[in-house]
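To keep things clear, I will list the structure first and then write my remarks on it.
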Amino acid sequence: MADLITVEDPDDPRLRDYTGLTDVELRRRREPAEGLFIAEGEKVIRRAKEAGYEMRSMLLSAKWVDVMRDVIDELPAPVYAVSPELAEQVTGYHVHRGALASMQRKPLPMADELLVGAARRVVIMESVNDHTNIGAIFRSAAALGMDAVLLSPDCADPLYRRSVKVSMGAVFSVPYARLDTWPRGLDAVRDAGFTLLALTPDEKAKSLDETAPHRMDRVALMLGAEGDGLSTKALMSADEWVRIPMAHGVDSLNVGAAAAVAFYAVATGRPQP
């Protein structure tokens with residue numbers, strides 16, 4: 001059973017895991033280096049715990065203590081009870097959901113481990129650095145039956161607080177790994193028997209309906225960053241270019257929305273224009 005500790009000093013060193021959560025650059029460097037990530041909100045905390053992540057501590061406002069009582073009773077980690085005002089002083093923002101947990105990261109698998117397993121539908125992201133898009137893509141990947149995610153070396157951290165929150169914890173459901181090199185790392189994906197499909201609005205691309213990826217044995221769908229899309233090198237490394245049919249003169253979608261449409265086509269059938 002966890003100790004419930006009331007804290008009234010925002011500079012208490014025991015709250016260090018939660019300091020400066022709005023400082024994106026600081027947290028990007030610090031969290032992977034220290035092997036932690038922050039889960040926000042009851043559902044996300046529970047999903048992280050169910051996924052086997054070890055909890056370092058929890059930070060709760062008073063009204064959330066009873067809501068999280070069953071989790072508290074099972075934890076060996078300390079639970080810090082604070083006022084909403086103190087939580088805001090520590091984190092840098094108003095913690096609307098009243099519950100934060102510092103979780104211990106797990107070692108990431110190697111990309112080869114995911115490719116040689118049972119995965120048949122893989123997502124590959126290049127240079128996607130918007131945490132909201134990362135979270136949205138993971139949520140759609142989990143919901144629509146994608147088996148794994150591979151990230152280029154410069155992609156944002158899926159366990160950053162915003163990504164985890166937007167995904168509603170789906171980042172815990174889909175295994176992911178980083179490719180060591182880019183785009184050379186794509187060779188290993190192809191060698192594992194995957195057809196590399198680059199999603200692009202380019203008019204030279206075939207429609208997903210025409211390509212029929214749901215009939216392919218193993219598919220890796222490549223997604224680029226918002227605005228820039230996939231790089232020329234990535235496009236040249238693909239086996240085929242594919243696009244989503246558009247109507248009403250619209251030429252492209254936000255990468256999160258495009259991913260959801262394409263995942264449906266890859267996993268089950270064709271998108272409708």
Side-chain angles (χ1 to χ4, degrees), residues 24 119-158 160 162-171 173-174 176 179 182-183 186 189-190 194-216 218-273:
V24 177
R120 295 183 58 246
R121 300 289 182 258
V122 171
V123 185
I124 301 178
M125 293 190 229
E126 180 192 28
S127 305
V128 180
N129 284 306
D130 183 278
H131 293 105
T132 297
N133 284 334
I134 288 274
I137 291 168
F138 265 89
R139 188 172 185 179
S140 294
L144 296 169
M146 303 301 284
D147 299 317
V149 175
L150 299 179
L151 307 170
S152 69
D154 57 348
C155 268
D157 179 13
Y160 182 73
R162 180 67 178 164
S163 299
V164 174
K165 183 178 179 181
V166 170
S167 80
M168 289 299 293
V171 292
S173 303
V174 184
Y176 70 92
L179 294 166
W182 187 268
L186 295 171
V189 183
R190 184 180 290 105
F194 288 84
T195 300
L196 294 168
L197 301 182
L199 188 65
T200 172
D202 193 290
E203 61 182 15
K204 294 190 291 293
K206 294 181 180 179
S207 73
L208 280 164
D209 183 22
E210 182 182 1
T211 308
H214 61 292
R215 296 196 181 99
M216 297 178 178
R218 304 186 100 187
V219 175
L221 182 70
M222 299 163 57
L223 305 172
E226 188 75 20
D228 293 337
L230 290 165
S231 67
T232 300
K233 287 183 178 180
L235 289 168
M236 292 301 102
S237 299
D239 295 311
E240 292 187 57
W241 295 6
V242 296
R243 60 178 175 82
I244 297 169
M246 300 280 177
H248 301 294
V250 177
D251 61 358
S252 64
L253 296 172
N254 165 275
V255 66
V261 174
F263 294 165
Y264 180 82
V266 166
T268 60
R270 66 177 188 147
Q272 296 297 323

Would you check, one step at a time, whether the test side-chain contact (heavy atoms from CB on, under 4.5 Å) holds for Val122 with Val189?
CA-CA 9 Å; Val122 171; Val189 183; 5.6 Å; no
Please answer whether the main-chain N or O of Val266 pairs with a side-chain N or O of Arg121 as donor and acceptor at a distance below 3.5 Å.
yes
How about Met222 and Glu126: do any of their side-chain heavy atoms sit closer than 4.5 Å?
no
What's the verdict on side-chain contact (heavy atoms from CB on, under 4.5 Å) for Leu199 and Val242, showing C-alpha distance, side-chain angles and the deciding distance?
CA-CA 5 Å; Leu199 188 65; Val242 296; 4.0 Å; yes
Any residue meeting side-chain hydrogen bond (donor to acceptor under 3.5 Å, both in side chains) with Arg162, in chain and number order, not counting sequence neighbours
Thr132
Partners of Ala136 by side-chain contact (heavy atoms from CB on, under 4.5 Å), sequence neighbours excluded?
Val166
Kindly compute the distance separating CG (Leu151) from CG (Leu179), expressed to the nearest 0.5 Å.
8.0 Å
If you measure from SG on Cys155 to CD1 on Ile134, what distance do you get to the nearest 0.5 Å?
5.0 Å
By side-chain hydrogen bond (donor to acceptor under 3.5 Å, both in side chains) - contacts of Ser127 (at least two apart):
Asp154
Please lay out, stage by stage, how Leu208 and Tyr264 fare under the test side-chain contact (heavy atoms from CB on, under 4.5 Å).
CA-CA 10 Å; Leu208 280 164; Tyr264 180 82; over 6 Å; no
Rounded at 0.5 Å granularity, tell me how far CD1 in Ile244 sits from OG1 in Thr200.
10.5 Å
For the residue pair Pro183 and Lys233, what are the closest heavy atoms and their distance?
CG-CB, 3.9 Å
Given 3.5 Å as the limit, does a donor-acceptor pair link the side chain of Trp241 with the main chain of Leu235, or not?
yes
Those residues that, when tested against Asp147, pass side-chain hydrogen bond (donor to acceptor under 3.5 Å, both in side chains) (two or more places apart)
none
Measuring from atom OG1 of Thr195 to atom CG of Leu221, what distance do you get when rounded to the nearest 0.5 angstrom?
11.5 Å
Of all residues at least two apart in sequence or in a different chain, which pass the salt bridge (Lys or Arg N to Asp or Glu O under 4.0 Å) check with Asp157?
Arg105
Within the side chain of Glu226, is there an N or O that forms a donor-acceptor pair under 3.5 Å with the backbone of Val255?
yes
Output yes when a side-chain donor or acceptor of Ser163 lies under 3.5 Å from a complementary backbone atom of His131, and no otherwise.
yes
Checking Phe263 against Ile137 for the side-chain contact (heavy atoms from CB on, under 4.5 Å) test, could you report, in this order, the C-alpha distance in whole Å, the side-chain angles of both residues, the deciding distance, and whether it holds?
CA-CA 9 Å; Phe263 294 165; Ile137 291 168; 3.9 Å; yes
For Glu240, the salt bridge (Lys or Arg N to Asp or Glu O under 4.0 Å) test, sequence neighbours excluded, returns Lys206
Roughly how far, to the nearest 0.5 Å, is CG of Asp251 from CZ of Arg243?
12.0 Å
Minimum-distance pair of heavy atoms, taken over all atoms of Ala220 and Phe194:
N-CD2, 4.0 Å
CG-CE distance between Asn133 and Met125, expressed to the nearest 0.5 angstrom
9.0 Å
